[in-house]
Amino acid sequence: MKITHVETLPVLVPLKKGLMTKTAHGEHVVSPYVIIKLKTDEGLVGIGEATLAARWSGETSQGCRAVVEGLMAPLLIGQNPLDFNRLRLPIERCCVQNPFTKAAVEMALWDLCGKVHGVPVYQLLGGKVRDEIPIKMVVGAFPVPKALELAKQFLDWGVKCLKVKVGTDPEADLQRVKAVRELAGPNIPIGVDVNCGWDLPTARNMLDRLAELDVFFVEQPIPQTDVNALAELRRMSRIPIMADESIFTLNDAWQLTRAGAVDILSVYPGKHGGIASTLEIAAVAKSAGICCSIGSNLELGVGTAAMLHVAAASKTIDSERYPADLIGPLYHEVDLLTKPLDLGPAAARVPEAPGLGVELDEDQLKEYADASTAARELG
Ligand SMILES: [Mg+2]
């Protein structure tokens, strides 16, 4: 079998009206993605999703397409997709960074491998360690009334864990977390995500005060640039510290764990350039005696499916202890799939069909096509 064509389909999908979100990085109202199709001479098609956010990884739809078409397609066309390990290295090395673009191509290869063997991707990873993956929903960094409205909507639906975005203004942050804690009661675990929004003195002060509100983890309290400062915070904190913006690469995992800087690594295939790299990072965490948790860049259907397979197959990605952010499709107008994923309210389930186990909705792909940059096929 050979890969014959590489197709890139840029789309723009708005968040649902009531669910547009806000973090210390800014407001999020519409999400750009590039869907990748790897076509073979035997008629099988592998699909992947690049979840793009310039403020997050520096990647854009135009840049993603330039990398896929200019650097990756020539490496892939004519190759057997079952030679996964042989294809992986050149894809990783064809450019620095661009993790979400690399992950899109990598997940399309996994999808093809699963379809060829007739098994879901989690089976290729050694099988499931859990049937249900607990999830949490995210309350944006809004003023108290709006934050409470969102939290109430999630709790009414049956959500069992919440994450509150903070990192904009310390006093407003505390008021928001306090209000959500009072609404949710003592039995709903609540974490916070600072998205790099505090400096070290603010974080020291805030960690003490958040401990009084029974917060069960604090994600990325300070910018990603200083591993030693993160380690200092961890030593004084009563609350476990999670790295998110700090952990993209395998080397980041090594630096963070060697410094004893965090208790949890937030991981997902897009951020690390694929499913295989995510599992390698989980192995570093395991060796350091810490765990991982599934984070998110608000993936759509295909990207979330890749996360589900990793989450189902890894014990170190401890979703029972730190529920996963398997939530992107719930926030968007459409998921680009013919059949929605089984997400929430308390837990998600991994698709059972071969490969990633999802099918693209071609009508939605057309309807949400990014008008500024049309679909193209090389081959
Ligand atoms: Mg985060």
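Each ligand, and each atom within it, is numbered from 1 in the order the structure gives. Residue numbers run from 1 in the order of the sequence given.
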Legend entry - Test applied, side-chain contact (heavy atoms from CB on, under 4.5 Å); reference residue, V284; option that passes from L256, I290, L250, T316: L250
Legend entry - Closest non-hydrogen atom pair, V302 against E49: N-OE1, 3.4 Å
Inset, instruction - State whether D111 and K115 are salt-bridged, where the test is any N-O pair (Lys NZ or Arg NE/NH1/NH2 against Asp/Glu carboxylate O) under 4.0 Å. - result: yes
Legend entry - Cluster companions of F217 among Ile, Leu, Val, Met, Phe, Trp, Tyr (side-chain spacing under 4.5 Å): F216, M242, I264, Y322
Inset, instruction - Take the Mg ion (ligand 1) as the centre and count protein N, O or S atoms at distances under 2.8 Å. - result: 3
Inset, instruction - List the atom of P120, the atom of P351, and the distance in Å for their closest heavy-atom pair. - result: CB-O, 4.1 Å
Inset, instruction - Mind running side-chain hydrogen bond (donor to acceptor under 3.5 Å, both in side chains) on D199 and T202 for me, showing each step along the way? - result: CA-CA 5 Å; D199 57 18; T202 308; 2.5 Å; yes
